Amino acid sequence: MARTISYREALNEALMQEMERDASVIVMGEDNAGGAGAPGEPDAWGGVLGVTKGLYGKFPGRVLDTPISESAFVGAAVGAATRGFRPVAELMFIDFMGVCFDQIFNQAAKFRYMFGGKAVTPVVIRAMYGAGLRAAAQHSQALYPLFTNIPGLKVVIPSSPYEAKGLMIQSIRDDDPVIFCEHKAMYDTTGEVPAESYTIPFGEANVVREGDDVTIVAFGRMVSVAAQAADELAKSGVGCEVIDPRTTSPLDADTIIESVANTGRLVVVDESTPRCSMASDVSSLVAKEAFGSLRAPIEMVTAPHTPVPFSPVLEDLYVPDAQRVVNAVKTVTGWER
Amino acid sequence: MPDERTTEERIGRVTMPKWGLSMKTGKIMEWVVEVGDEVERGDDLAEIDTDKIAGTLESDHEGVLRRVLVEAGSDAPVGCTIAVVAPEDVPDSEIDAVVKEAEEQLARGVAEGEEGPRQQTVEVAGRTISYTTLGEGSGDGDGDGEDEAIVLVHGYGGDKNSWLFVQEPLSEGRTVHALDLPGHGDSAKDVGDGSLATLADTVTGFLDALGVQRAHLVGHSMGGAVVTAAAAAAPERVRSLTLVSPAGYGPEIDASYLRGFASAASRRELKPHLLKLFADPGLVNRQLVDDLLKYKRLDGVDGALRTLLGTLLDGDEPALDVAPLLARTTVPTVVVWGRADQVIPVSNAESSDALKQHATVHVVDEAGHMAQMETPAAVVSAVQEAVQKAGEQAAGRA
């Protein structure tokens, strides 16, 4: 039965249920076990985000603390995955991916292909992304397009607690390396989540709102921003179809193309910077596959091509908001040749 | 016959219905009738939308639509009076008094004493069975000798919420339970061998667990076969049967629907199959598809649906034949069948000797396979007819 829980609790429940179900699932990361046994600390800290809280007490041998050496522990997780474990490694900030990138894109992503399909690498790398928490340029990026660019990786961006739990369980059960991108401003958002285990298949978009005038494709935290814009626009009679692809690799191209075939207009909302982004990727897909359906040029609502500013005023301008989505929709609906 | 009710009793308050556990408010999309129109029981009054489902509110009253309190486009809390129906001769002053009280309630934003179905669980044969209960009185298990609850049993892939339009109207003075069969809804997903006997035993075990001595069983589709089998296995426990598009009564079934429903993993795969369920394809909205996908993604559901497929189908033919079981029982049986049913077509009713001999069959024009959702009033009156016949049968024996 569904209850209302937070994004953080949904992820925790997914990890807990999969560790109970399958003894090969292990969790590792900084402070995942740390804090346990310290004075006044009945439980481990559960990572800097508290997502793995409660796991150490239940599965002490399967929750591993790691040194602050991303290349070492991500490499260890990838190696363990090739030897029969299903590790879930917590990288903390996605911005730290740079120091362990070889383990991910040259090793984990390549094993299945280079070993003739005989090797599987069922590793999940969790990382928090996104701006809005005053964490400055090195702790705020939305880097999922980088991983989407690499064949052999699966890239997941849950937009709600329901998505977070179902996609995490699917990620753990999947035999390929998964980059699991959690928006740091979403951990306390709440939503209805079934208590039972369930999986959401990769490459299946969710249609968040139905509408006939404009298709809005949005990723991660931008899904709720797009839905807010759609609700606003509905009041003035503009029907927006809001699509959450849920995974950028694989990408559910069919749902996007079918929607644009109906609406003839596309707005893509992506928190990452605009060059080689999901916004440009989806735009090129639609321009190529649904050119005949388009009744207006495609609009992209993204961050600007700059580092994330530390100034709170500038950071607030950096992240796309509902008003910018509304403006983009008005641009495509008002366009005349 | 002169109307002996008091004036107050003759004033019908049309209230915002509660469709499903989570519904708190509903939006009036359109009033189908206008102030001054004559209204019969079961007439469509308004189109109502919730965040889960859109439906048609039917009248529980007869008379003239005297006032509309909540205009189209506005929301109202569940249970609040949204319109007033009363015979022409009820004076305006009395209607005004009712309207005033109702407007105060609307202003407060809550209906007093409004209670939704209570979701509960009970252990039956080692499985957790989830159910909701509405109403009190006969069937509440208090041992006062009036223990004839109504029990609603959904079909393949359905759940207790498929009765959301009929559970409440049936609950006046009577306890109405809607359960989730094993493998469905919030019940345990283990279906064992998935046989008809296992499912029927779940229903009788449910009666045992709740202390319901005798019940009026209502079954839709696969649930129709299940309640028939339960009645045959425990005739002393079952007072009447109401069957909605029941499985097991004839040679026609759309096997491709059942297989398609079982195997569909995405919205794009599932939606075309769901269109076969309704006479009005507009009822297959985003929320319905989403809710079914959420159910199908739960661990254990895929296996449960595949096991039950083996119970329902033998190749492309129906595997169930419950006609001989019905012939063995003597309980009053009423059947509702949608003329536009594409899954288990109404031709089954026309060719079934068992139904001809042992049941009253009502064919409903505006319904497909889901009469309890498309024409709930027809299902409600069929259940009431079955309950009444059971009463007459008991009186005849006495």
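None of the values given here were measured: they were computed from a predicted structure. Within every chain, numbering begins at 1; the chains are lettered A, B, ... in the order of the sequence lines, protein sequences first and strands thereafter.
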Item to check | salt bridge (Lys or Arg N to Asp or Glu O under 4.0 Å) contacts touching residues 301-311 of chain B (sequence neighbours left out) | outcome: B:D302-B:R306
Next on the checklist: Report which part of A:V193 has an atom under 4.5 Å of a heavy atom belonging to chain B: side chain, backbone, both, or neither.
Outcome noted: neither
Checklist entry - Quick one: do B:D49 and B:K27 make a salt bridge, cutoff under 4.0 Å? => result no
Next on the checklist: Taking side chain as everything from C-beta outward and backbone as N, CA, C, O, which of these in A:E204 sits under 4.5 Å from a heavy atom of chain B? Side chain, backbone, both or neither.
Outcome noted: side chain
Checklist outcome for this item: So, the part of B:R267 with a heavy atom under 4.5 Å from chain A: the answer is both
Next on the checklist: Could you check whether B:E123 and B:T128, counting side-chain N and O atoms only, form a donor-acceptor pair closer than 3.5 Å?
Outcome noted: yes
Next on the checklist: Applying a heavy-atom distance below 4.5 Å, give me the residues of residues 238-263 of chain A that approach chain B, sorted by number.
Outcome noted: A:R246, A:D254, A:T255, A:E258
Next on the checklist: Need one label for B:K294: side chain, backbone, both or neither, based on atoms under 4.5 Å from any heavy atom in chain A.
Outcome noted: both
Checklist entry - Heavy atoms, side chains only, cut-off 4.5 Å: are B:I28 and B:M16 in contact? => result yes
Checklist entry - Between atom CG of A:L15 and atom CG of A:L55, what is the distance when rounded to the nearest 0.5 Å? => result 5.5 Å
Next on the checklist: Distance alone, cut at 3.5 Å: any donor-acceptor contact between the side chains of B:T56 and B:E47?
Outcome noted: yes
Checklist entry - Which of residues 213-231 of chain A get closer than 4.5 angstrom to chain B, counting heavy atoms alone? => result none
Checklist entry - Can A:E182 and A:R8 be counted as an ion pair, charged N to O under 4.0 angstrom? => result no
Checklist outcome for this item: Filtered by a 4.5 Å non-hydrogen cutoff, the part of residues 151-170 of chain A contacting chain B is A:Y162
Item to check | Residue pair B:H177, B:F206: steps toward the ring-ring contact (aromatic ring centres under 6.0 Å, His included) verdict | outcome: CA-CA 10 Å; B:H177 305 291; B:F206 177 80; 5.7 Å; yes
Checklist entry - Mind checking whether A:I172 and A:F180 have side chains closer than 4.5 Å, heavy atoms only? => result no
Checklist entry - B:T198 pairs by side chain to side chain contact (heavy atoms under 4.5 Å, CB included) with which of B:V226, B:L308, B:V191, B:D193? => result B:D193
Next on the checklist: Donor-acceptor pair, distance only, cut-off 3.5 Å: does the side chain of B:H154 make one with the backbone of B:W163?
Outcome noted: no
Next on the checklist: I'd like to know if A:R112 and A:D176 make a salt bridge, using a cut-off of under 4.0 Å between side-chain N and carboxylate O.
Outcome noted: yes
Item to check | Minimum side-chain heavy-atom gap A:V178-A:F202 below 4.5 Å | outcome: yes
Checklist entry - Does a side-chain N-to-carboxylate-O contact under 4.0 Å join A:E18 and A:R86? => result no
Item to check | NZ/NE/NH1/NH2 to OD/OE distance under 4.0 Å, A:E9 and A:R3 | outcome: no
